[in-house]
Amino acid sequence: MRFFRDLSLPAFTAGFVAVLVGFTSSVAIVFQAATALGATPEQISSWMWALGLGMGLCSALPSLVLRKPVMVAWSTPGAAVLATAAAAGGFTLAQATGAFIVCALLMTAAGATGWFERVMDRIPMPIASALLAGVLARFGLDAFLAARTALPLVLLMLGAYLVGRRLWPRYAVPGVLAAGTAFAAANGQLHLAGVAFTLTTPVAVVPEFTLAAMVSLALPLFVVTMASQNLPGVAAIRAAGYRMPISKLITLTGVATLLLAPFGAYALNLSAITAAICMGPEAHEDPDKRYTAAVSCGAIYVVIGLFGAAVTGVLTAFPRELVVAVAGLALLSSIAGGLAVAVKDETHREAALITFLVTLSGLTLAGIGSAFWGVVAGALALAVQRWRL
């Protein structure tokens with residue numbers, strides 16, 4: 001099979017790092033959202049089952065078909081919206097499930113009609129690259145900020161990265177992960193006790209459709225997923241130089257969310273951060289073989305879905321500083337590439353820089369994250385620059 005011929009250790013490691021970063025950076029928010037909606041432990045495990053299978057299959061299967069790295073993740077800002085709205089509005093899990101279904105229908109319509117891709121086609125590449133660099137730069141900063149609380153670990157991982165880039169560039173990130181894991185294990189910082197691997201049983205919830213849940217849950221979930229997740233997700237794809245059927249992929253995430261919503265898949269979307277890990281040169285020197293990193297990531301997601309909370313426990317056993325350090329170092333090439341494209345063309349340089357800074361700021365207005373406002377600010381700057389007096 002061609003996949004196994006194309007697969008390499010760096011590609012598999014990139015897939016594992018993508019899962020590690022994706023889960024440990026936001027799984028607590030997902031748990032918080034489920035708990036705020038009154039989910040039982042069995043239902044929370046079902047959420048992991050649905051989200052794991054949804055992300056895994058929507059990443060692995062299109063990647064195998066297209067031979068390009070398609071990366072799908074859960075909506076982290078969507079989970080934050082759910083947690084906040086549930087705490088304020090007192091919605092039941094059945095009402096939230098109805099909202100998930102409505103959100104899925106809206107995402108499917110956005111993909112099937114092609115309107116979202118048409119909007120993306122109007123965003124200049126320097127602006128899109130600046131958007132991506134702004135999203136990823138936060139992880140680059142966090143990698144070095146982690147030195148405040150774990151200086152020896154971060155220095156060791158940075159050293160492993162620099163030496164690896166000099167001696168064995170293709171294996172630099174696997175070397176960083178191995179060095180960090182060995183250091184954490186030697187210092188008793190890996191907490192694996194009590195993790196039991198048992199298959200997760202999915203639990204379906206009968207949806208209840210109410211106007212209040214549509215307004216307070218479904219619409220905000222749809223807006224933040226499209227603006228804060230799919231927008232930078234498409235930017236990541238295009239910044240990496242891949243041409244993909246964006247509308248069909250958006251439709252796929254909508255349909256997958258629709259099918260898995262009763263089991264807890266509240267919103268699936270294109271990924272930006274984990275996508276950059278699997279689409280960068282660290283995953284594979286040949287862009288045509290980087291799809292193997294996305295397939296590996298998808299396969300691990302499926303395992304997480306099948307074993308639910310148990311695998312989540314393994315992933316969260318890694319120290320936070322190790323996770324942010326390996327993520328930041330793995331994304332350095334993508335950050336540099338995004339910035340290089342953003343400032344290369346002098347006619348777009350100022351607007352791209354504004355996009356980058358607003359995105360990096362973490363600004364949130366009306367519940368919508370900085371990725372959207374970065375594009376808005378950059379577009380306005382470009383419009384003013386081109387305005388003829």
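Note that the numbering runs from 1 along the sequence shown for the chain.
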Solution key, residues 133-158 side-chain donor-acceptor pairs under 3.5 Å, sequence neighbours excluded:
| from | atom 1 | to | atom 2 | distance (Å) |
| --- | --- | --- | --- | --- |
| Arg138 | NH2 | Leu360 | O | 2.8 |
| Thr149 | OG1 | Ala146 | O | 3.4 |
| Thr149 | OG1 | Glu321 | OE2 | 2.8 |

*Any side chain to side chain donor-acceptor pair (under 3.5 Å) pairs touching residues 329-341, not counting sequence neighbours?*
Glu282-Ser333
*Please walk me through it: do Arg290 and Asp286 pass salt bridge (charged side-chain N to carboxylate O under 4.0 Å, His left out)?*
CA-CA 7 Å; Arg290 292 174 191 166; Asp286 184 352; over 6 Å; no
*Keeping the roles fixed (side chain from Ser129, backbone from Pro126), state whether a donor-acceptor pair exists under 3.5 Å.*
no
*asked:* Clusters formed by hydrophobic residues whose side-chain heavy atoms approach within less than 4.5 Å: which one holds Ile29, and what are its other members?
replied: none
_So does Leu64 get a backbone contact from the side chain of Arg2, meaning a donor-acceptor N/O pair under 3.5 Å?_
no
*Taking all atoms of both residues into account, what is the closest heavy-atom pair of Ile300 and Phe16, and its distance?*
CD1-CA, 3.8 Å
_Shortest non-hydrogen contact from Thr200 toward Ser45_ = CG2-O, 3.4 Å
*Short question: side chain of Lys289, backbone of His284 - any donor-acceptor pair under 3.5 Å?*
no
_According to side chain to side chain contact (heavy atoms under 4.5 Å, CB included), who are the partners of Val17, at least two apart in sequence or on a separate chain?_
Thr13, Val21, Val173, Leu177, Ile277, Val326
*Of all the heavy-atom pairs spanning Trp373 and Leu365, show the shortest one and how long it is.*
NE1-O, 3.3 Å
_Counterpart residues, salt bridge (Lys or Arg N to Asp or Glu O under 4.0 Å), relative to Asp121 (two or more places apart)_ = Arg238
*Report the residues that fulfil side chain to side chain contact (heavy atoms under 4.5 Å, CB included) with Ile123, sequence neighbours left out, ordered by chain and then residue number.*
Met120, Ile127, Ala128, Leu231, Val375
Show me, pair by pair, the donor-acceptor contacts under 3.5 angstrom made by side chains of residues 259-273, not counting sequence neighbours?
| from | atom 1 | to | atom 2 | distance (Å) |
| --- | --- | --- | --- | --- |
| Tyr266 | OH | Ser75 | O | 2.8 |
| Asn269 | OD1 | Ser75 | N | 3.3 |
| Ser271 | OG | Thr274 | N | 3.4 |
| Ser271 | OG | Thr274 | OG1 | 2.3 |
| Ser271 | OG | Ala275 | N | 3.4 |

*Nearest atoms (heavy-atom pairs only) where Leu217 meets Ala99*: CB-CB, 3.7 Å
_Any pair counted as side chain to side chain donor-acceptor pair (under 3.5 Å), so long as it reaches residues 154-169, sequence neighbours left out_ = none
*Do Leu20 and Leu329 belong together in a cluster built from hydrophobic side chains that touch within less than 4.5 Å?*
yes
*Side-chain contact, heavy-atom cut-off 4.5 Å: Phe3 with Ser296?*
yes
*asked:* Is the shortest side-chain heavy-atom distance between Thr201 and Glu42 below 4.5 Å?
replied: no
*Thr355 side-chain N/O to Leu131 backbone N/O, donor-acceptor pair under 3.5 Å*: no
*Would you mind listing every side chain to side chain donor-acceptor pair (under 3.5 Å) that reaches into residues 174-190, with sequence neighbours excluded?*
none
_Applying ring pair (Phe, Tyr, Trp, His ring centres under 6.0 Å), can you list everything that pairs with Tyr242, at least two apart in sequence or on another chain?_
none
_For Trp74 against Met48, the heavy-atom pair lying closest together_ = CZ3-CE, 4.1 Å
*Determine which pairs satisfy side chain to side chain donor-acceptor pair (under 3.5 Å) with at least one residue from residues 247-257, sequence neighbours left out, and list them in order.*
Glu117-Ser247
*Out of curiosity, does Val72 fall in the hydrophobic cluster containing Val30 (side-chain heavy atoms, cut-off under 4.5 Å, transitive links)?*
yes
*Out of curiosity, does Met244 fall in the hydrophobic cluster containing Val234 (side-chain heavy atoms, cut-off under 4.5 Å, transitive links)?*
yes
_Transitive ILVMFWY cluster of Val215, excluding itself - 4.5 Å side-chain cut-off_ = Leu211
*Taking the side chain as every heavy atom from C-beta outward, state whether Asp288 and Arg67 have any atom pair closer than 4.5 Å.*
no
*4.5 Å side-chain heavy-atom contact, Val223 and Phe372*: no
*So which of Val343, Leu339, Leu132 actually passes side chain to side chain contact (heavy atoms under 4.5 Å, CB included) with Phe356?*
Leu339
*Is any side-chain heavy atom of Gln95 closer than 4.5 Å to a side-chain heavy atom of Leu93?*
no
*So which heavy atom on Ala130 is nearest to which on Ala352, and how close?*
CB-O, 3.1 Å
